[in-house]
Amino acid sequence: MDKVFKEGKYKITPMNVSHINEVAQIEQVSFPTPWSKEAYYNELKDNGFAHYYVCLACEQVVGYAGMWIIIDEAHITNIAVHPDFRGQKIAQTLLLKLMQEAMRLGAERITLEVRSSNRVAQYVYGKLGFYPVGIRKGYYTDTKEDAIIMWKNLYES
Ligand SMILES: CC(C)(COP(=O)(O)OP(=O)(O)OC[C@H]1O[C@@H](n2cnc3c(N)ncnc32)[C@H](O)[C@@H]1OP(=O)(O)O)[C@@H](O)C(=O)NCCC(=O)NCCS
């Protein structure tokens with residue numbers, strides 16, 4: 001993947017409860033309605049469908065991503081990168097990790113929702129082969145914004 005990953009500056013590893021405080025800090029600066037620490041704790045401890053990963057730089061969490069896998073479909077729930085670390089392909093590397101894990105665990109397709117205003121995220125998903133299939137009107141209750149639904153067949157490039 002990217003040079004910085006090849007150089008070993010960052011590493012991707014499964015999220016555990018010790019990462020939650022730093023994840024929650026990135027949530028706060030990344031989303032209008034951030035998930036709580038408790039929500040992440042429940043995902044890690046109680047949700048057997050959930051798979052979450054963090055990107056670490058010198059053991060500090062700089063990004064994270066997660067998904068639910070239900071039978072043959074993976075649904076990305078969240079992805080964010082600390083503002084100081086954006087633009088270094090951390091999100092793309094996390095997404096590739098999710099896609100690899102989804103395939104390993106039997107998923108054939110992967111989907112997500114993205115705010116219609118979130119051009120950077122849409123660009124990143126498009127680069128990795130996700131394509132828009134529809135719109136959920138007013139899906140985001142905080143801003144009443146529409147969600148674009150994107151899909152990718154994991155066995156097509
Ligand atoms: C969307 C997000 C996860 C992308 O993370 P990232 O690590 O910066 O993404 P990457 O570096 O892998 O890719 C970003 C791409 O967009 C481009 N880009 C354009 N504008 C950019 C901007 N303002 N900031 C960062 N990258 C930008 C980069 O050049 C890069 O393209 P390239 O690979 O062709 O050079 C990050 O911006 C973020 O956390 N946003 C807030 C949370 C969010 O919106 N999550 C998605 C919810 S659906």
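In this chain, residues are counted from 1 in sequence order. Atoms within a ligand are numbered from 1 in the order they appear, just like the ligands themselves.
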Between E22 and Y64, do the side chains contain an N or O donor and an N or O acceptor separated by less than 3.5 Å?
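Checked: E22/Y64 side chains show no N/O donor-acceptor pair below 3.5 Å.
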Ligand 1: protein residues within heavy-atom distance under 4.0 Å:
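Lining ligand 1 at under 4.0 Å, by heavy atoms, one finds S30, F31, I79, A80, V81, R86, G87, Q88, K89, I90, A91, Q92, E113, V114, N118, V120, A121, Y123, V124, Y125, K127.
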As an exercise, state the distance from SG of C55 to NE2 of H82, rounded to the nearest 0.5 Å.
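Reported to 0.5 Å precision, the distance equals 12.5 Å.
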According to a 4.5 Å side-chain heavy-atom criterion applied to Ile, Leu, Val, Met, Phe, Trp and Tyr, with indirect links allowed, do V54 and M67 form part of one hydrophobic cluster?
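Each belongs to a different hydrophobic cluster.
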Would you call K11-E59 a salt bridge at under 4.0 Å N-O?
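Judged by the 4.0 Å cut-off on N to carboxylate O distance, K11 and E59 do form a salt bridge.
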Any heavy-atom pair between the side chains of E27 and K37 that's under 4.5 Å?
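Side chain of K37 against side chain of E27, heavy atoms only: no contact under 4.5 Å found.
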Side chain to side chain contact (heavy atoms under 4.5 Å, CB included) evaluation trace for L44 with I20:
CA-CA 10 Å; L44 296 182; I20 289 178; 3.9 Å; yes
